[in-house]
Amino acid sequence: MAQLSEQEIVRRQNLQKIIDLGINPYPPELFPVNAYAADIKRDFKPEEGNFQDVVLAGRMMSNRVMGKASFAEIQDTTGRIQVYINRDQICPGEDKTLYDQVFKHLLDLGDFIGVKGYTFITKTGEISIHASELVLLSKSLKPLPVVKIDADGVAHDEFKDPEQRYRQRYVDLVVNPGIRKVFRDRTTMYNTMRNYLNQKGYLEVETPVLQPLYGGAAARPFKTHHNTLDMTLYMRIANELYLKRLIVGGIEGVYEFSKDFRNEGMSRFHNPEFTQVELYVAYKDYEWMMNLVEEVIEKVALDIHGDTKVQVGDHLIDFKRPWKRFTMFEAIQHFTGIDISEMDEAQLRETAKKLNIHIDGKLGKGKIIDEIFGDKCEAQLIQPTFITDYPVEMSPLAKKHRSKPGLVERFEAICNGKEICNAFSELNDPIDQRERFEEQLELGKRGDEEAMMLDEDFLRALEYGMPPTAGLGIGMDRLAMIMTNSNSIQDVIFFPQMKPEAQGKEQGAGGKE
RNA sequence: GAUAGCGUAGCUCAGCCGGUAGAGCAACGGCCUUUUAAGCCGUGGGUCCUGGGUUCGAAUCCCAGCGCUGUCACCA
């Protein structure tokens, strides 16, 4: 336990005095809440005489004591409301201890209190609760940062250190209630998508997180060990191969919201664990899937903002259908003026060099094209745009293009300069798939650490036959960043991955071994 | 990983042309029965991130380390 601060000692002393007065600072009974701050502030009509018998609970966030009367603010799950506490109202008899001692001296900011009373409007026009009863529901032993909002809505002494906010998200949520909206919007996004997919009749499923072979994406995995089986297991980097096995099994529309794990760098766009939704639908192709993506993401924007236009940083992004569509070669030609569609590997290398793009000697043709696109085009695409028809070398799970040799039927949606989804007509030719895996093994030998592994069981499934299928993955964290105008992935994840806290600081992560 | 900035009271920050710490809020004592960033009077609170060095003297200058943040590079 870290050294207690002066204020923490005072709170512990207050706790003891409360106990000495015969008051349980952590009472077990339910408290019969029947009203919420935001509802009262929105719906109170003095002429109707509503909210005249309310019971509220929450944290006491401010307390202005003026002798024998006080104004406190109570914060519940919906917001804050002012409570007027008059000594002789809450202490009708001779004994004024509850007001003079408990309320004025022993309660602290951050304590949970319960209030019964009626709603009224103060002289200065604020809807408030006139308390007839006041009870302590839970004592707080640590002082919260005190953030004050002035008449102009400007926050003073705002709790804004990003590290503190992420590490102690509970504090962040209490004193920066605005962030709650970010997470509510994130949940709206999930609900919208889930409802949409369910209405189409697709089945939500769960597939293994711990996998003997990882696959479905190009990434380095987390490795772990199962004791009983005495075997290495990997945490999934994608769901693709399992969901396609379900398509083989005859489930014609299947999706999963999944935590995936990639053992790679961290940045404002990358958390080691992140969430995707993956969807596979039989008898469809990537053209069809593009329409679905436009429709569902437009719906998300409408459900969150009531508008297809969303302000993201300096840009107003409009998700209204239809979105622009470019082939990858068209996009590269558009942004660089160079047509690379007919180039071989040596020419591509030369082009990359001319464009000042550093290309690792190990990279194959597909990766070089991807580098050129990533360097020269991606960041320029602000409005939602589909990029289609990728080189076969960088898409080992996608079906070869029906009319363009060397390409696959794949698209990504780019928005605000970042990929938000990836989709293709799924490769269902087991012989082609085996060859693609073998090419991946070759890339692996050349040193590509993200090359895929060959999955025999997946190939066996394909050999039984998989219907033509369209598949999709949407990065939920990235989309949440856009939909909530958040600059960092850490702002849309409640508990982003952090280094352990330094020793000597309180409650360092991994305090016991 | 590269580069810049930051680390001082519970919180937000000032002090940094070297002379061993300040403000506001919060806390504590007092006054105040419709206030609202309530107000007024008074009080306490700090290994100035850590470790070295320069100096009579370091929060301040130098070196090293740790942590965080921003930007850039790679993966969604």
Side-chain angles (χ1 to χ4, degrees), chain A residues 3-11 13-14 62-73 80 82-90 99 104-105 108-110 120-126 128 130 141-167 171 175 217-221 237-238 260-276 278 357-358 360 370-371 374-375 412 414 418-422 449-450 473-479 481 487-490 498-506 508:
Chain A
Q3 187 78 38
L4 292 179
S5 70
E6 180 195 28
Q7 294 190 42
E8 288 172 302
I9 291 167
V10 167
R11 284 176 183 235
Q13 288 166 348
N14 290 347
S62 73
N63 183 10
R64 297 181 283 276
V65 177
M66 299 174 308
K68 298 179 185 66
S70 303
F71 288 92
E73 277 179 302
R80 289 190 189 186
Q82 179 171 268
V83 180
Y84 175 66
I85 295 155
N86 182 302
R87 186 186 72 174
D88 298 325
Q89 301 285 323
I90 67 163
Y99 185 85
K104 276 174 74 175
H105 291 108
D108 293 298
L109 298 187
F120 76 113
I121 296 180
T122 63
K123 275 194 216 166
T124 48
E126 180 158 347
S128 307
H130 191 122
L141 296 181
K142 268 181 118 55
L144 290 163
V146 179
V147 180
K148 297 207 173 188
I149 313 291
D150 67 21
D152 300 324
V154 179
H156 297 262
D157 301 335
E158 195 174 2
F159 180 66
K160 63 185 177 188
D161 176 33
E163 184 192 4
Q164 296 267 83
R165 290 183 49 217
Y166 302 145
R167 285 194 194 281
V171 173
V175 304
R220 277 146 60 201
I237 59 172
D260 290 338
F261 306 85
R262 298 190 185 175
N263 204 344
E264 293 166 344
M266 288 161 63
S267 76
R268 72 191 185 92
F269 290 107
H270 302 88
N271 196 58
E273 56 183 287
F274 65 103
T275 306
Q276 289 198 89
E278 286 195 31
I357 301 167
H358 175 74
D360 196 300
D370 191 38
E371 290 285 331
D375 202 82
E412 290 188 357
I414 314 285
K418 280 280 168 188
E419 172 192 340
I420 55 172
C421 83
N422 183 19
E449 287 187 70
E450 296 171 353
I474 297 177
M476 297 297 282
D477 310 277
R478 293 274 176 89
L479 187 58
M481 286 171 67
N487 193 43
S488 164
I489 200 169
Q490 294 171 304
M498 307 282 283
K499 283 189 193 176
E501 280 186 77
Q503 273 234 326
K505 275 191 160 181
E506 54 196 84

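Throughout, protein chains are lettered first and strands after them, A, B, ... in sequence-line order, and every chain is numbered starting at 1. Bear in mind the structure is a predicted one, so any value in this text is a computation, not a measurement.
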Asker: Return the set of residues passing ring-ring contact (aromatic ring centres under 6.0 Å, His included) with Tyr99(A) (not counting sequence neighbours), or none when no residue passes.
Answerer: Phe103(A)

Asker: Can you tell me the pairing partner of rA37(B) across any strand shown, Watson-Crick or G-U wobble, with both distances under 3.5 angstrom?
Answerer: none

Asker: Is Val154(A) touching bases, backbone alone, or none of the nucleic acid, heavy atoms closer than 4.0 Å?
Answerer: nothing

Asker: I want to verify a distance call: between rU71(B), rU35(B), rA37(B), whose nearest atom is closest to the Thr122(A) side chain?
Answerer: rU35(B)

Asker: Summarise protein proximity over nucleotides 21-26 of chain B in one line of letters, 5' to 3': B for base, S for sugar-phosphate only, - for none, counting protein heavy atoms closer than 4.0 Å.
Answerer: ---BSB

Asker: Measuring from the side chain of Met66(A) (C-beta onward, heavy atoms only), which nucleotide among rU33(B), rA38(B), rU69(B) has the closest atom?
Answerer: rA38(B)

Asker: Roughly how far apart, to the nearest Å, are rA23(B) and rA14(B) at atom P?
Answerer: 16 Å

Asker: For the P atoms, the ones on rA21(B) and on rG44(B), what distance do you get once it is rounded to whole angstrom?
Answerer: 15 Å

Asker: Let's test your reading of the model: under 3.5 Å, does the base of rU35(B) pair with the side chain of Gln82(A) as donor and acceptor?
Answerer: yes

Asker: Quick check: on RNA chain B, is the nucleotide nearest Ala69(A) upstream (toward 5') of the one nearest Phe269(A), or the reverse? Name the residue that is more 5'.
Answerer: Ala69(A)

Asker: Taking the side chain of Phe120(A) as heavy atoms from C-beta outward, which of rU33(B), rC74(B), rU34(B) is closest to it?
Answerer: rU34(B)

Asker: Regarding Asn271(A), tell me which of base, sugar-phosphate or nothing describes its non-hydrogen contacts under 4.0 Å with the strands shown.
Answerer: base

Asker: Using Watson-Crick or G-U wobble geometry with both distances under 3.5 Å, which nucleotide pairs with rA64(B)?
Answerer: rU50(B)

Asker: In whole angstrom, give me the gap between the P atoms of rG19(B) and rG1(B).
Answerer: 38 Å

Asker: Under 3.5 Å for both donor-acceptor distances, Watson-Crick or wobble: does rU69(B) have a partner, and if so which one?
Answerer: rA4(B)

Asker: Run the salt bridge (Lys or Arg N to Asp or Glu O under 4.0 Å) test against Asp108(A) and tell me which residues pass, sequence neighbours left out.
Answerer: Lys139(A)

Asker: Let me know the distance between CD of Glu8(A) and P of rC28(B), rounded to the nearest Å.
Answerer: 14 Å

Asker: Sequence neighbours left out, what passes ring-ring contact (aromatic ring centres under 6.0 Å, His included) with Phe71(A)? Give chain and number order.
Answerer: Tyr84(A)

Asker: If I pick the C1' atom on rU69(B) and the same atom on rA9(B), what distance separates them, to the nearest angstrom?
Answerer: 22 Å

Asker: Taking the P atom in each of rG57(B) and rG24(B), what is the distance between them to the nearest angstrom?
Answerer: 34 Å

Asker: With rounding to whole Å, what would you report as the distance between rC6(B) and rC13(B) at their C1' atoms?
Answerer: 13 Å

Asker: If the condition is salt bridge (Lys or Arg N to Asp or Glu O under 4.0 Å), which residues does Asp161(A) pass it with, not counting sequence neighbours?
Answerer: none

Asker: Atom CD of Gln89(A) to atom C1' of rU33(B): distance rounded to whole Å?
Answerer: 10 Å

Asker: Base, sugar-phosphate, or nothing: which does Gly475(A) touch, judged by heavy atoms less than 4.0 Å apart?
Answerer: nothing

Asker: Which nucleotide in the list rG10(B), rC74(B), rC11(B) gets nearest to the side chain of Phe159(A)?
Answerer: rC11(B)

Asker: Can you tell me the base-pairing partner of rA27(B)? Count Watson-Crick or G-U wobble geometry only, both distances below 3.5 Å, and say none if there is no partner.
Answerer: rU43(B)

Asker: With a cut-off of less than 4.0 Å, is there a side-chain N or O of Arg64(A) near OP1 or OP2 of rA38(B)?
Answerer: yes

Asker: For nucleotides rA58(B) and rC49(B), find the distance between their P atoms and express it as a whole number of Å.
Answerer: 15 Å

Asker: Between rG30(B), rU69(B), rA37(B), spot the one nearest the side chain of His105(A), thanks.
Answerer: rG30(B)

Asker: Side chains of His156(A) and Asp150(A): donor-acceptor distance under 3.5 Å anywhere?
Answerer: yes

Asker: Could you work out which one of rA37(B), rU33(B), rC32(B) sits closest to the side chain of Asp150(A)?
Answerer: rA37(B)

Asker: Please work out if Lys160(A) contacts a base, only the sugar-phosphate, or nothing of the nucleic acid, heavy-atom cut-off 4.0 Å.
Answerer: sugar-phosphate

Asker: Partners of Glu412(A) by salt bridge (Lys or Arg N to Asp or Glu O under 4.0 Å), sequence neighbours excluded?
Answerer: Arg410(A)

Asker: For a quick check of understanding: with a heavy-atom distance under 4.0 Å over all strands, which category does Glu371(A) fall into, base, sugar-phosphate or nothing?
Answerer: sugar-phosphate

Asker: Does the structure show a Watson-Crick or G-U wobble partner for rG57(B), both distances under 3.5 Å? Name it, or say none.
Answerer: none

Asker: Ser267(A) near the nucleic acid: base, sugar-phosphate alone, or nothing, with a heavy-atom cut-off under 4.0 Å?
Answerer: base

Asker: Please report the C-alpha distance between Gln82(A) and Arg64(A) in whole Å, then the side-chain angles of each, then the deciding distance to 0.1 Å, and finally whether the side chain to side chain donor-acceptor pair (under 3.5 Å) criterion is met.
Answerer: CA-CA 10 Å; Gln82(A) 179 171 268; Arg64(A) 297 181 283 276; 2.7 Å; yes

Asker: With a non-hydrogen cut-off below 4.0 angstrom, is Ala218(A) in contact with a base, only sugar-phosphate, or nothing?
Answerer: sugar-phosphate

Asker: Who does rA21(B) pair with, Watson-Crick or G-U, both distances under 3.5 Å?
Answerer: none

Asker: Whole angstroms only, please: what is the CZ-P distance between Arg165(A) and rC11(B)?
Answerer: 16 Å

Asker: If rC32(B) has a Watson-Crick or G-U wobble mate with both distances under 3.5 Å, name it; if not, just say none.
Answerer: none

Asker: Which part of the nucleic acid, if any, lies within reach of Arg220(A) when heavy atoms closer than 4.0 Å are counted: base, sugar-phosphate only, or nothing?
Answerer: nothing

Asker: What integer number of Å spans the C1' atoms of rC56(B) and rG18(B)?
Answerer: 12 Å

